[in-house]
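Take a look at the structure below.
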Amino acid sequence: MIREGSVTAVAWPSEARLARALAREAGQRVVWPGFGEWVPGTVALIVARNAAAVDSITHGRAPGWGVGFADPESRTILLRADAAEVRQTLRHELAHLALHDRVHVRVPLWFDEGYAGWAAGEWERLGGLELNLAVARGAVPDLGALNGALRRSPASVGPAYALAISAVLELARRHPDGSLTPLLTRLSAGEEFDAAVRTTTGLSLTAFEDEWRRSVRSRYTIGTWLVAGGAWAVVAFGVLAAGAWRRRRDQARRAALDIGWPQPEDDVPPDEQPDAVTSAVLDRDPRS
């Protein structure tokens with residue numbers, strides 16, 4: 001067990017050094033978007049070695065692809081030590097605690113995850129949308145479906161987190177000062193989410209959803225997909241398809257050439273076997 005200020009960390013001996021560094025970072029004062037400075041207070045931090053350790057700790061209740069989890073009620077954060085960006089994951093989970101410390105009304109999952117992703121600076125997720133062919137083709141889920149996608153599978157969760165961040169950014173953009181502060185202030189005061197959205201954006205939640213989906217479709221198109229690298233996928237697919245077509249085309253020709261091809265005698269060494277032209281000459285009648 002490791003104590004750093006108000007943060008208590010638990011880890012395997014091999015992850016003790018990482019756990020201490022993360023505990024020290026978790027206890028720092030942080031300025032969060034829309035809230036200002038926030039002091040984490042008492043936090044329990046568990047650093048698990050890998051997915052198997054997470055599964056053991058949570059008794060199989062956590063998705064196997066997850067790398068970080070937060071329980072605001074118990075103020076506990078669970079992190080995988082083998083995560084690629086473990087410090088960014090810590091910031092993401094701390095953002096969940098900060099949001100739930102200030103906002104006590106119910107907020108939708110897409111807003112909870114979108115805010116945490118935004119606060120953690122996960123801008124690479126938005127860049128990933130440029131290469132998502134489904135989004136480029138206009139397949140943007142509604143907010144209800146987005147909630148489901150955030151928990152469905154590793155294939156859907158990446159784009160879903162990015163879309164959640166984009167929805168939160170759209171909420172900020174819809175206010176005249178371009179900030180999320182007015183919305184979070186109303187939520188902190190106990191105003192229900194739907195009402196706070198209407199007051200700060202001038203749109204009902206349904207109307208906001210329509211505007212957000214329209215905005216995503218206009219920003220992430222087939223054109224942006226091609227520019228971002230999708231063109232290379234098209235070229236690679238074309239090369240593979242051409243190769244497969246050529247192999248099918250040549251298969252019949254190779255089969256025809258194999259028919260009637262002279263086979264060497266078993267008792268003649270390979271280096272003494274005549275080639276086809278020599279055999280034709282030797283087999284001719286000398287009187288002709």
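As a basis for the values below, the full set of heavy atoms in this structure was taken, side chains included, without hydrogen atoms, waters or symmetry mates. Residues take their numbers from the sequence shown, with the count starting at 1.
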Next on the checklist: Checking the side chain of Ser6 only, and the main-chain atoms of Gly41 only, is there a donor and an acceptor separated by less than 3.5 Å?
Outcome noted: yes
Checklist entry - Any idea how Tyr115 and Trp118 line up, ring-wise: parallel (<30°), tilted (30 to 60°), or perpendicular (>60°)? => result perpendicular
Checklist entry - Given the rule in the side chain to side chain contact (heavy atoms under 4.5 Å, CB included) test, do Arg102 and Leu184 qualify, once you have shown the distances and angles that lead to the verdict? => result CA-CA 8 Å; Arg102 298 291 184 89; Leu184 291 174; over 6 Å; no
Next on the checklist: For a quick test of reading the model, state the closest non-hydrogen atom pair linking Ile2 to Ala19 and the distance between them.
Outcome noted: CD1-CB, 4.0 Å
Next on the checklist: For a quick test of reading the model, state the closest non-hydrogen atom pair linking Pro176 to Thr200 and the distance between them.
Outcome noted: CD-O, 4.4 Å
Checklist entry - So do Arg213 and Asp142 actually touch side chain to side chain, heavy atoms under 4.5 Å? => result yes
Checklist entry - With a 4.5 Å limit on heavy-atom distance, are the side chains of Phe208 and Asp194 in contact? => result no
Checklist entry - Any side-chain heavy atom of Glu25 within less than 4.5 Å of one from Leu90? => result yes
Next on the checklist: Would Asp112 and His100 count as a side chain to side chain donor-acceptor pair (under 3.5 Å) here? Give the steps.
Outcome noted: CA-CA 9 Å; Asp112 199 345; His100 286 266; 2.8 Å; yes
Checklist entry - Does Val216 reach the side chain of Ser166, with side-chain heavy atoms less than 4.5 Å apart? => result yes
Checklist entry - Out of curiosity, does Leu205 fall in the hydrophobic cluster containing Leu109 (side-chain heavy atoms, cut-off under 4.5 Å, transitive links)? => result yes
Next on the checklist: Looking at Arg173, I'd like to know if its CZ atom is crowded, meaning that more than 12 non-hydrogen atoms belonging to other residues, nucleotides or ligands lie closer than 6.0 Å.
Outcome noted: yes
Item to check | Cation-pi check, Arg91 onto Trp32 ring (under 6.0 Å, within 45° of axis) | outcome: yes
Item to check | Separation of Leu97 CG from Ser74 OG (nearest 0.5 Å) | outcome: 8.5 Å
Next on the checklist: Rounded to the nearest 0.5 Å, what separates atom CH2 in Trp212 from atom OG1 in Thr201?
Outcome noted: 14.5 Å
Item to check | Donor-acceptor pair, side chain of Arg61 and main chain of Thr58, under 3.5 angstrom | outcome: yes
Item to check | His92 NE2 to Ile77 CD1 distance, which is reported to the nearest 0.5 Å | outcome: 10.5 Å
Checklist entry - What are the two closest non-hydrogen atoms of Ala145 and Arg152, and how far apart are they? => result O-NH2, 4.1 Å
Checklist entry - Once the angle between the rings of Trp110 and Phe193 is folded into 0 to 90°, is it parallel (under 30°), tilted (30 to 60°) or perpendicular (over 60°)? => result perpendicular
Checklist entry - Please walk me through it: do Val47 and Leu22 pass side chain to side chain contact (heavy atoms under 4.5 Å, CB included)? => result CA-CA 9 Å; Val47 181; Leu22 292 173; 4.1 Å; yes
Checklist entry - Is any side-chain heavy atom of Val103 less than 4.5 Å from a side-chain heavy atom of Ser188? => result yes
Checklist outcome for this item: Heavy-atom nearest pair, Thr89 first then Gly68, reads CG2-CA, 3.7 Å
Checklist entry - Is a salt bridge present between Glu113 and Arg151, judged by a nitrogen-to-oxygen distance below 4.0 Å? => result yes
Next on the checklist: Test of understanding: clusters of I, L, V, M, F, W, Y form through side-chain heavy atoms closer than 4.5 Å, transitively. Do Tyr161 and Trp123 belong to the same one?
Outcome noted: yes
Item to check | Trp12 reachable from Val86 in the ILVMFWY side-chain graph, under 4.5 Å edges | outcome: no
Item to check | Val67-Ile165 co-clustered via ILVMFWY side chain contacts under 4.5 Å | outcome: no
Checklist outcome for this item: Between Val54 and Ala48 the two heavy atoms that sit nearest each other are CG2-CB, 3.7 Å
Checklist entry - How far apart are the C-alpha atoms of Val31 and Trp38, what are their side-chain angles, what is the distance that settles it, and do they pass the side chain to side chain contact (heavy atoms under 4.5 Å, CB included) test? => result CA-CA 6 Å; Val31 176; Trp38 174 75; over 6 Å; no
Item to check | Beyond-backbone contact of Asn147 with Phe111, side-chain heavy atoms, under 4.5 angstrom | outcome: no
Checklist outcome for this item: Minimal heavy-atom distance between Ala95 and Ala119, with the atoms involved, is CB-CB, 3.9 Å
Item to check | Expected output: side-chain Ser56 to main-chain Ala52 donor-acceptor under 3.5 Å | outcome: no
Item to check | Student check: side-chain heavy atoms of Phe69 and Thr76 closer than 4.5 Å | outcome: no
Checklist entry - Once you round to the nearest 0.5 Å, how far does NE2 of His175 lie from OG1 of Thr199? => result 9.5 Å
Checklist entry - Glu191 side chain to Arg186 main-chain N or O, any donor-acceptor pair under 3.5 Å? => result no
Item to check | Atom CD of Glu73: over 12 foreign heavy atoms under 6.0 Å | outcome: no
Item to check | Nearest-0.5 Å distance that lies between atom CG in Leu203 and atom CZ in Arg174 | outcome: 5.5 Å
Next on the checklist: Other residues, nucleotides and ligands only: do more than 12 of their heavy atoms fall within 6.0 Å of CZ on Arg75?
Outcome noted: yes
Item to check | 4.5 Å side-chain heavy-atom contact, Phe35 and Asp101 | outcome: no
Checklist entry - Should Val7 and Ile57 be counted in the same cluster of Ile, Leu, Val, Met, Phe, Trp and Tyr side chains packed under 4.5 Å apart? => result no
Item to check | Lys/Arg-Asp/Glu bridge criterion (N-O < 4.0 Å) met for Arg106, Glu192 | outcome: no
Checklist entry - For the side chain to side chain contact (heavy atoms under 4.5 Å, CB included) test, which of Leu79, Leu94, Thr8 pairs with Leu45? => result Leu79
Item to check | Residue pair Arg87, Leu18: steps toward the side chain to side chain contact (heavy atoms under 4.5 Å, CB included) verdict | outcome: CA-CA 10 Å; Arg87 283 176 170 78; Leu18 173 63; 4.2 Å; yes
Checklist entry - Do side-chain atoms of Ser215 reach the backbone of Glu211 as a donor and acceptor pair under 3.5 angstrom? => result no
